[in-house]
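Reviewing the structure listed below.
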Amino acid sequence: MSLTENDDRKRDSHHTDLYASIPQACLPIVYHPDYNITFMGLEKLHPFDSGKWGKVIHFLKEEQFITDGRIVEAREATEEDLLVVHTKRYLNRLKWSLVVATITEIPPVMFLPNFLVQRRVLRPLRTQTGGTIMAGKLAVDRGWAINVGGGFHHCSSDRGGGFCAYADITLAIKFLFERVEGISRATIIDLDAHQGNGHERDFLDDKRVFIMDMYNRYIYPGDGYAKRAIKRKVELDWGTEDSEYLQKVELHSDGALNEVRPDIIVYNAGTDILDGDPLGGLSISPQGIVKRDEIVFKAAKRRGIPILMVTSGGYQKKTARIIADSILNLHRLGLIGSEPVEGEGSSSLVTHMICSSGSAGSTFTSV
């Protein structure tokens, strides 16, 4: 794409509230209580812990790392936001409960009225998707950002699957390419136990995006077509343990970032690599997951590259604690910060209003 074409895209971009200005007093940690899916117990029919995102926040509050007033409150991605990547046909298909049941792998959903499915299943996923897009801009502005949800790496522009209904990783990157000056190359480091076939299909012919994907070669989705997009492919065997795993993470994340220097790193930090995960098939300890995230953040910090982390898969109740422990470890090591740069004297109520507002009439500006 030429510079002129890029400038035209920026001028023609639709109005969105997802790029509202966020005061420095707010940590670049994005979350909303709406992330958590509760739907008459039907969510328990899938092994995914659909309340893990709220548990992560609970643990971070317990450790006094964050307060409600300093969390950036995610906004739901609108249809116009989603159309930056998704086809109209695909979004219309989500209006059929059978399609959503197939994507979420919860068969009884097909028998429910779609307005309920939209409200109780898809709205939380759209809010997490909005959170990833917001976190992408925050990462560029602050050097790092974490969306406590997101990481729907099995969804592409025209198909969902594996509990992924919206292509939040693709959307975050395309928003940055279209709207933020100086962001023209991205590297995806996908360390979820499963192949990230969604973003791979979306960026198959896009030379601006370098994909490193490290996954269990024997499990879902086994998408050979999408694998053609992977520039650094690391296929793991059943039961891979900490020593081999961490050695490969360090070798290949450094190798990927040395091969092409991106303007942004999107790190898909799935915890389904944990020993005992019913779907991941790997044998990584909680300490190994914490160390993995440390390796990736150190690689970004050494090079001065902004990094956006999303939490992706993880199918055991204890993964929320591990994610929180990892974030706390990153803070202890100085790889992420918690000190407000401005607004230190603000009351928590005022700060909360700032971090969670941004609608018309506020002090925020939107792109």
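Since we're looking at a predicted model, the values are computed, not measured.
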- Task: Take Ser326 and Asp293 through the test side chain to side chain donor-acceptor pair (under 3.5 Å) and record every step on the way to the result.
- Result: CA-CA 7 Å; Ser326 179; Asp293 296 350; 2.6 Å; yes

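- Side chains of Met212 and Asp190 form no contact here, defined as non-hydrogen atoms less than 4.5 Å apart.
- Side chains of Lys61 and Thr67 form no contact here, defined as non-hydrogen atoms less than 4.5 Å apart.
- In this structure, the side chain of Arg185 does not engage the main chain of Ile264 through any donor-acceptor pair within 3.5 Å.
- Ile273 pairs in a side-chain contact (heavy atoms from CB on, under 4.5 Å) with only one of the listed residues (Thr240, Ile284, Leu191), which is Ile284.
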- Query: So Asn197 and His199, side chain to side chain donor-acceptor pair (under 3.5 Å) or not? Walk me through it.
  - Reply: CA-CA 6 Å; Asn197 62 319; His199 58 73; over 6 Å; no

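- Thr311 contributes a side-chain N or O that, together with a main-chain N or O of Val148, makes up a donor-acceptor pair within less than 3.5 Å.
- No more than 12 heavy atoms of other residues, nucleotides or ligands sit less than 6.0 Å from atom CZ of Arg159.
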- Task: Mind running side chain to side chain donor-acceptor pair (under 3.5 Å) on Thr16 and Asp81 for me, showing each step along the way?
- Result: CA-CA 7 Å; Thr16 182; Asp81 294 326; 2.8 Å; yes

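- Here the side chain of Asp277 pairs a donor or acceptor atom with the backbone of Tyr315 at under 3.5 angstrom.
- Looking at Asp202, Val85, Thr87, Thr170 one by one, the single match for side-chain contact (heavy atoms from CB on, under 4.5 Å) with Ser156 turns out to be Asp202.
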- Query: For Asp158 and Arg201, what are the C-alpha separation, side-chain angles and deciding distance, and is it a salt bridge (charged side-chain N to carboxylate O under 4.0 Å, His left out)?
  - Reply: CA-CA 10 Å; Asp158 60 355; Arg201 284 177 171 264; over 6 Å; no

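- Scored by the ring-ring contact (aromatic ring centres under 6.0 Å, His included) test, Tyr35 finds Tyr31 as partners (sequence neighbours excluded).
- A donor and an acceptor atom, one from each side chain of Thr127 and Asp34, are nowhere located under 3.5 Å apart.
- Between Ala135 and Val30 the shortest heavy-atom distance is CB-CG2, 4.0 Å.
- Without hydrogens or angle criteria, His86 side chain to Ala167 main chain gives a donor-acceptor distance under 3.5 Å.
- Annotation for Trp238: atom CH2 counts as buried by contact number, over 12 foreign heavy atoms lying within 6.0 Å.
- The salt bridge (charged side-chain N to carboxylate O under 4.0 Å, His left out) test applied to Lys174 returns no partner, not counting sequence neighbours.
- We find that Asp254 and Arg302 are joined by a salt bridge, their nearest charged nitrogen and carboxylate oxygen being less than 4.0 Å apart.
- Side-chain rings of His154 and Tyr220 approach one another, their centers coming within less than 6.0 Å.
- Using a distance-only test at 3.5 Å, with no hydrogens or angles considered, a donor-acceptor pair links the side chain of Arg217 to the main chain of Glu235.
- The main-chain N or O of Gly280 is never found under 3.5 Å from a side-chain atom of Asp272 such that the two would form a donor-acceptor pair.
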- Message: Please determine whether side chain to side chain donor-acceptor pair (under 3.5 Å) holds for the pair His194 and Asn216, giving the CA-CA distance in whole Å, both sets of side-chain angles, and the decisive distance to 0.1 Å.
- Response: CA-CA 6 Å; His194 300 82; Asn216 183 339; over 6 Å; no

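- In this model, a donor atom of one side chain and an acceptor atom of the other lie less than 3.5 Å apart for Arg126 and Gln118.
- Residues Leu333 and Val296 are members of one and the same hydrophobic cluster, defined by side-chain heavy-atom contacts under 4.5 angstrom among Ile, Leu, Val, Met, Phe, Trp and Tyr.
- Of the options Glu200, His153, Lys227, a side chain to side chain donor-acceptor pair (under 3.5 Å) to Gln195 is made by Glu200 and by none of the others.
- Defined by atom type and a distance below 3.5 Å, a donor-acceptor pair is present between the side-chain atoms of Thr132 and Asp168.
- At least one side-chain heavy atom of Leu171 sits less than 4.5 Å from a side-chain heavy atom of Thr129.
- Side chain of Gln128 to backbone of Gly150: a donor-acceptor contact under 3.5 angstrom is found.
- Side-chain heavy atoms closer than 4.5 Å link hydrophobic residues (I, L, V, M, F, W, Y) into clusters, and following such links, even through other members, never connects Tyr218 to Leu279.
- Using modelled atom types, one side-chain atom of Ser253 and one backbone atom of Val249 make a donor-acceptor pair closer than 3.5 Å.
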